[in-house]
Amino acid sequence: MKYKKSLYLLAAALLVTGCSEQEVPVYGEDAIVNDIYGEGQSLASVRFLAVSLNYDELELGGSNYDSASKTYLDTWSFSLDPMAEDYVLEVPLALMGTVVDKDRQVAYTIDNTMEIMDEEGNPVTVETAPEGSYEVLEAVIPANEKYGYIRIKLNNVAELTEDTYEMSIKIDNSQDLLKGPKEYITAHISWDNKIQAPPSNNYRRTYNMLIKGLANFIATQATVYSPNALKAIVSALGWNDWDDYEAHKNKEGMAASYYIYRYLPHYAILYQLNTYKYYAAKLDAWLKAYEEEHGEPLLHDAGSLKGQPVEARQY
């Protein structure tokens, strides 16, 4: 399982002197919470983060705090690793108070439903992240740490190729920690496994160079295209950044206009450098390993070859 390390600095903007007539309420180590825990009791509090930073030699970032909705936003696409069974997402938390030498548990509530109107105009509640599509592993501020996380395992279920799952998380009071200011206690998580088909002839040619199907290895037709075959290419070759010119310009030496589609290189890059045979062989090895591991071949899920095994082109 992969872990997404994403930590965010407790924003100095909480001290909004000059920015607002009313100061944002903050619970600190000395906050008295008589009505919840009894007279004279004092707890630190916990909240989601709003500002990215580098912490403990980690390169952090990627998710955003939306000030309009006062919600921490995070998303994951399995298209970056399409055949992975799951992905562990860490939603970052910040301690407001003093660190202690024990783990402190964070309480939370998950809402994975939404209300829609049925065909007769009546409100009905539907699940936006069905049971079995995720699992909360832990929610904690570790001992002697300023930052913690809610760790969620997102499962790569078949429905994610068509649907986007989503849920909201709200921090509650626990025996160890109070919830922080109301502006920073809600997060929204979404995930899918949708993958964009090759957008033009230049990229359909790359696909056909690698996938067995059409007679012409540089054909431009999308007849044998299937999302499963493209996901196999991405997984086998680690291709998910071909839209990043800076990452490839020194290796391939092509113009920036050749780098517009994340999952496949422009066919000219493989053709001129004569590397398509190497990549097809590497894909073939991956498909054979997939079949051995799963006891059956990966099948095309669309196109004229739907239901047949995905095969790499042989040279």
Side-chain angles (χ1 to χ4, degrees), residues 1-8 11 45-52 60-95 103-118 122-142 147-195 231:
M1 295 189 294
K2 298 186 177 180
Y3 289 77
K4 181 177 181 181
K5 295 293 181 185
S6 179
L7 296 174
Y8 288 71
S45 60
V46 63
R47 48 160 285 182
F48 294 116
L49 296 159
V51 181
S52 62
L60 308 170
S63 301
N64 301 296
Y65 175 78
D66 179 48
S67 58
S69 63
K70 297 178 173 57
T71 303
Y72 174 89
L73 305 175
D74 208 344
T75 186
W76 170 252
S77 176
F78 279 102
S79 64
L80 298 175
D81 190 5
M83 298 303 174
E85 294 183 358
D86 52 57
Y87 178 81
V88 174
L89 183 73
E90 288 190 355
V91 184
L93 301 170
L95 174 69
D103 291 352
R104 284 183 278 188
Q105 302 304 310
V106 177
Y108 58 87
T109 300
I110 286 183
D111 184 2
N112 63 336
T113 63
M114 67 179 299
E115 191 173 272
I116 63 172
M117 306 302 289
D118 64 16
N122 300 314
V124 295
T125 300
V126 297
E127 285 187 311
T128 56
E131 183 178 352
S133 64
Y134 70 92
E135 178 186 358
V136 179
L137 302 177
E138 56 183 334
V140 65
I141 298 290
Y147 303 100
Y149 45 77
I150 298 177
R151 187 172 285 166
I152 309 168
K153 183 174 76 169
L154 308 176
N155 295 320
N156 189 6
V157 297
E159 291 77 10
L160 291 174
T161 59
E162 300 291 337
D163 300 330
T164 298
Y165 286 173
E166 52 189 304
M167 62 184 179
S168 293
I169 307 172
K170 193 168 186 177
I171 297 173
D172 293 329
N173 295 318
S174 73
Q175 292 299 313
D176 294 329
L177 294 164
L178 291 175
K179 61 185 177 183
K182 63 181 180 180
E183 292 84 355
Y184 301 100
I185 60 171
T186 302
H188 185 269
I189 310 300
S190 63
W191 68 104
D192 64 30
N193 193 9
K194 299 174 184 177
I195 193 164
K231 290 174 183 178

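Along the sequence shown, residues carry numbers from 1.
In this model, no donor atom of one side chain and acceptor atom of the other lie less than 3.5 Å apart for Asn112 and Thr128. In this structure, a donor-acceptor pair under 3.5 Å is absent between the side chains of Thr164 and Ser190. Between the side chains of Asp86 and Asn155, not a single donor N or O lies within less than 3.5 Å of an accepting N or O. A side-chain donor-acceptor contact under 3.5 Å links Asp111 and Thr113.
A donor-acceptor contact shorter than 3.5 Å is absent between the side chain of Lys179 and the backbone of Tyr108. A donor-acceptor pair under 3.5 Å is absent between the side-chain atoms of Asn173 and the main chain of Leu178, judged by distance alone. Side chain of Asp192 to backbone of Leu160: no donor-acceptor contact under 3.5 angstrom is found. A donor-acceptor contact shorter than 3.5 Å links the side chain of Ser174 to the backbone of Leu177.
Relative orientation of the Tyr134 and Trp191 rings is perpendicular, given thresholds of 30° and 60° on the angle between their planes. Using cut-offs of 30° and 60° on the angle between ring planes, the pair Tyr87 and Phe78 is perpendicular.
Closest non-hydrogen pair, Val157 versus Ser133, comes out as CG1-CA, 4.5 Å. Nearest heavy-atom pair, Glu162 versus Lys194, reported as atom, atom and distance to 0.1 Å: O-CE, 3.2 Å. Residues Gly180 and Ile185 approach most closely at O-CG2, 3.5 Å, considering heavy atoms. Of all heavy-atom pairs between Leu49 and Pro92, the closest is CD1-CB, 3.5 Å. The two residues Asp103 and Pro142 have their closest heavy-atom pair at OD1-CA, 3.4 Å. Nearest heavy-atom pair, Val140 versus Leu93, reported as atom, atom and distance to 0.1 Å: O-CD1, 4.3 Å.
The line from CD1 of Ile171 to NZ of Lys182 is 15.5 Å long, rounded to the nearest 0.5 Å.
Here Glu138 pairs with Arg151 in a salt bridge; the nearest charged N to carboxylate O distance falls below 4.0 Å.
The side chain to side chain donor-acceptor pair (under 3.5 Å) with Asn193 is formed by just one residue from the set Asp81, Asn156, Thr161, Asp163; it is Asn156. The side-chain contact (heavy atoms from CB on, under 4.5 Å) with Ile152 is formed by just one residue from the set Asp74, Ile110, Val91; it is Val91.
The side-chain contact (heavy atoms from CB on, under 4.5 Å) test applied to Thr71 returns Ser69, Leu73, Thr186, His188, not counting sequence neighbours.
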- Please test Glu135 against Lys153 for salt bridge (Lys or Arg N to Asp or Glu O under 4.0 Å), starting from the C-alpha separation and ending with a verdict. CA-CA 5 Å; Glu135 178 186 358; Lys153 183 174 76 169; 3.6 Å; yes

